[in-house]
Amino acid sequence: MKSFEHKDVVPLLNRQDPVAFKAVWDEYYAHAFLKARRYVVDEEVAKDIVQEAFMKLWLHRNFNNESHVVGFLMRTVSNNCLSYLEALPREEKFRANLAILSETVDDPSAETITRADLYNEIEQHLSLLPEKYRKYYELARQGLSHQEIGKKLEISPKTAKNYPGILRAMLRKAMLKYPNTTLLITIASTFLR
């Protein structure tokens, strides 16, 4: 990223000068958008997130220098993306992660794995889990808390809290044939907290 063409932009931005704001927008919008797209698959959502970050930048008015402006903007974009992703229902998180992965992972024969193939592979491995873990996973997919899951499975909440780590280890072992096992486990673990 290059510097602003004129060094008085930051003080002007602090006074909500529209020309200074446009200079910042022109200089950093593309970078902020690319950062948002690393988190968010949907282009329109990424644009909204960046626009909201610029709105917060406009309202902030307490910058010391250009690096403070850029740091604030990029941190706000990251935080907005994480907030957006956290607010998604678990099933949508699962599908969003699957969409990202299906565009980037190849199987050993160098053919692209489709979204459906990944989903089926994950579901197949989940179906092979011991019954108590499979039941835990299904309840976690429904958004139940450790306490609620423990009650339904007649186990302690502390035991229920340990299940996600055990499930991740089981899935990791079962999915070793994929070159990017970590991403597959991340997708399957969307429901595990």
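All values derive from a computational prediction rather than experimental measurement.
Between R75 atom CZ and N79 atom CG the span is 7.5 Å, to the nearest 0.5 Å. Here K35 contributes atom NZ and T76 contributes atom OG1; the two are 11.0 Å apart, rounded to the nearest 0.5 Å. Note: K158 NZ to Y163 OH = 14.5 Å, rounded to the nearest 0.5 Å. A distance of 14.5 Å separates CD of E154 from CD1 of I149, quoted to the nearest 0.5 Å. Between atom CE of residue M74 and atom OG of residue S67 there is a gap of 12.5 Å, rounded to the nearest 0.5 Å. Considering SG of C81 and CZ of R37, their distance stands at 10.5 Å, rounded to 0.5 Å.
When all heavy atoms of V40 and A46 are compared, the closest pair comes out as CG1-N, 4.2 Å. Among all heavy-atom pairs drawn from P164 and Y136, the shortest one is CG-OH, 3.2 Å. For the pair L13 and A20, the tightest heavy-atom approach, listed with the atom from each and the gap, is N-CB, 3.7 Å. In terms of heavy-atom proximity, A36 sits nearest to V50 at CB-CG2, 3.9 Å. Here the shortest heavy-atom pairing between Y84 and I49 reads CB-CD1, 4.0 Å.
Linking Ile, Leu, Val, Met, Phe, Trp and Tyr residues whenever their side-chain heavy atoms come within less than 4.5 Å leaves L34 and V69 in two separate clusters.
A 6.0 Å sphere centred on NZ of K135 holds no more than 12 heavy atoms belonging to other residues, nucleotides or ligands.
K152 is listed as a side-chain neighbour of L139, based on a closest heavy-atom distance under 4.5 Å. Two residues are said to be in side-chain contact when any heavy atoms from C-beta on lie closer than 4.5 Å; V77 and Y39 fail this criterion.
Proximity of a side-chain donor or acceptor of T159 to a complementary backbone N or O of I155 within less than 3.5 Å is not detected.
With sequence neighbours excluded, the residues satisfying side chain to side chain contact (heavy atoms under 4.5 Å, CB included) with Q16 are W58, L59, R61. Residues passing the side-chain hydrogen bond (donor to acceptor under 3.5 Å, both in side chains) test with Q51: none are found, sequence neighbours excluded.
Taking the six-membered ring where tryptophan is involved, the planes of Y29 and F33 are essentially parallel, since the angle between them stays under 30° and well short of 60°.
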Chi angles and distances behind the side-chain contact (heavy atoms from CB on, under 4.5 Å) call for F21, L57:
CA-CA 9 Å; F21 182 79; L57 180 110; 4.0 Å; yes
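Test N14, V24, D17 against V9 for side chain to side chain contact (heavy atoms under 4.5 Å, CB included) and you get one pass: V24.
No side-chain N or O of Y133 forms a donor-acceptor pair with one of E138 less than 3.5 Å apart.
Sorted by first and then second residue, the salt bridge (charged side-chain N to carboxylate O under 4.0 Å, His left out) pairs involving residues 51-60 (not counting sequence neighbours) are E52-K56.
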